[in-house]
Visitor: 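Please find one structure pasted underneath; my questions will follow.
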Amino acid sequence: MTPPMTTKPPPLTTSRWFNTRTPLDLPALAGRVVAVYAFQMLCPGCVANALPQAQRLREAFAGSDLAVIGLHTVFEHHAANTPAALEAFLHEYRIGFPVGIDAPDPNGGPIPQTMRAYALQGTPSLLLFDRQGRLVHKLFGHPPDLTLGAAVQALVQSDAAMATTADAGDDCADGVCAAPAL
């Protein structure tokens with residue numbers, strides 16, 4: 001796990017999106033907790049663990065302010081990981097959440113742009129952002145479901161409680177509320 005990023009995180013630099021009508025970006029998702037799963041369709045750990053976990057996370061937090069996004073991050077087997085192959089993969093595995101294709105290195109290197117910007121070690125990787133758009137967790141591999149669920153729930157509840165507190169009334173300022181005098 002990583003400490004929260006205090007600067008604006010790098011963009012998700014993508015070349016194409018699936019399962020969404022419009023391209024997604026982190027600023028447009030402000031106000032929501034965001035889980036970004038970086039994966040490759042030919043990665044056994046991604047197929048067996050991370051993508052099913054992403055689907056379970058999406059189902060468990062349906063109706064909440066959690067956005068689950070896939071990022072197809074190809075750093076090997078480039079010829080086999082085409083957009084057409086990914087589209088078929090998403091259909092066959094019934095992946096319904098939005099998936100972007102990490103844009104290739106403009107200099108022809110093997111590491112795509114978002115993977116490089118976040119210094120991801122490989123796939124699967126998970127990026128978890130709070131409602132303010134800060135990167136609060138970066139993980140190579142996949143965490144146990146209960147650990148991830150607890151982290152997401154804490155972000156959803158903490159951020160929701162902060163919003164409620166900030167809107168609570170005249171006795172509140174800077175995210176805290178004074179108790180009435182006894």
Side-chain angles (χ1 to χ4, degrees), residues 1-14 17-20 22-41 43-75 86 90 93 95-103 111-166 175:
M1 302 287 194
T2 57
M5 181 178 255
T6 56
T7 60
K8 182 180 173 185
L12 301 178
T13 306
T14 57
W17 282 92
F18 297 94
N19 301 332
T20 181
T22 59
L24 300 179
D25 64 17
L26 294 173
L29 295 167
R32 299 181 74 185
V33 174
V34 180
V36 177
Y37 279 86
F39 74 97
Q40 288 189 96
M41 66 182 169
C43 163
C46 298
V47 175
N49 300 305
L51 290 173
Q53 181 180 67
Q55 290 176 301
R56 289 189 303 272
L57 189 67
R58 183 176 182 226
E59 291 167 10
F61 287 90
S64 76
D65 284 333
L66 173 69
V68 175
I69 299 171
L71 184 66
H72 194 238
T73 304
V74 178
F75 59 91
L86 176 62
L90 296 173
Y93 281 87
I95 306 294
F97 51 82
V99 174
I101 297 176
D102 198 351
I111 306 300
Q113 293 181 45
T114 306
M115 183 178 200
R116 182 176 307 283
Y118 282 92
L120 299 179
Q121 295 174 279
T123 57
S125 289
L126 173 63
L127 303 170
L128 190 58
F129 299 88
D130 67 12
R131 290 180 198 264
Q132 289 76 39
R134 296 176 300 203
L135 177 65
V136 293
H137 297 294
K138 180 174 94 171
L139 179 71
F140 176 48
H142 73 281
D145 283 358
L146 288 175
T147 303
L148 178 59
V152 169
Q153 184 67 24
L155 284 173
V156 169
Q157 283 184 329
S158 173
D159 288 343
M162 286 173 51
T164 302
T165 301

Visitor: Locate the shortest heavy-atom distance separating Phe97 from Arg58; write the atom from each residue and the value.
Guide: N-NH1, 3.5 Å
Visitor: As an exercise, state the distance from CG of Leu120 to CG of Leu127, rounded to the nearest 0.5 Å.
Guide: 5.5 Å
Visitor: Scan residues 64-74 for pairs that pass salt bridge (Lys or Arg N to Asp or Glu O under 4.0 Å), counting only residues two or more places apart or in two chains.
Guide: Asp65-Arg131
Visitor: Report the distance from atom CZ of Phe39 to atom NE2 of His72, rounding to the nearest 0.5 Å.
Guide: 5.0 Å
Visitor: For the residue pair Tyr118 and Pro9, establish whether any side-chain heavy-atom pair is separated by less than 4.5 Å.
Guide: yes
Visitor: Report the residues that fulfil side chain to side chain donor-acceptor pair (under 3.5 Å) with Thr13, sequence neighbours left out, ordered by chain and then residue number.
Guide: none
Visitor: Can you measure from CG (Leu12) to CG (Leu26) and round to the nearest 0.5 angstrom?
Guide: 4.0 Å
Visitor: If you look at every heavy atom in Trp17 and Gly70, which pair is closest and at what distance?
Guide: CZ3-O, 4.3 Å
Visitor: Which atom pairs, donor and acceptor, lie under 3.5 Å between side-chain atoms of residues 29-38 and protein residues at least two apart or in another chain?
Guide:
residue: Arg32; atom: NH2; partner: Leu66; partner atom: O; Å: 3.2
residue: Tyr37; atom: OH; partner: Gln53; partner atom: OE1; Å: 3.2

Visitor: Applying ring-ring contact (aromatic ring centres under 6.0 Å, His included), can you list everything that pairs with Phe140, at least two apart in sequence or on another chain?
Guide: none
Visitor: Give the minimum heavy-atom separation between Gly122 and Ser125, together with the two atoms involved.
Guide: O-OG, 2.6 Å
Visitor: If you look at every heavy atom in His137 and Leu135, which pair is closest and at what distance?
Guide: O-CD1, 3.3 Å
Visitor: So, using side-chain contact (heavy atoms from CB on, under 4.5 Å) as the criterion, who are the partners of Pro112 when residues are at least two apart?
Guide: Thr73, Phe75, Asp102, Met115
Visitor: Measure from the side-chain N and O atoms of Asn19 to the backbone N and O of Ile95, and report whether any donor-acceptor pair falls under 3.5 Å.
Guide: yes
Visitor: Output every pair passing salt bridge (Lys or Arg N to Asp or Glu O under 4.0 Å) with a member in residues 114-128, not counting sequence neighbours, ordered by first then second residue.
Guide: Asp105-Arg116
Visitor: Where do Leu139 and Pro143 come nearest, in terms of heavy atoms and distance?
Guide: CD2-CD, 3.2 Å
Visitor: Is it the case that the side chain of His142 and the backbone of Pro124 share a donor-acceptor pair, with hydrogens and angles ignored and the cut-off at 3.5 Å?
Guide: no
Visitor: From the options Asp145, Leu148, Leu51, select the one residue that forms a side-chain contact (heavy atoms from CB on, under 4.5 Å) with Arg56.
Guide: Asp145
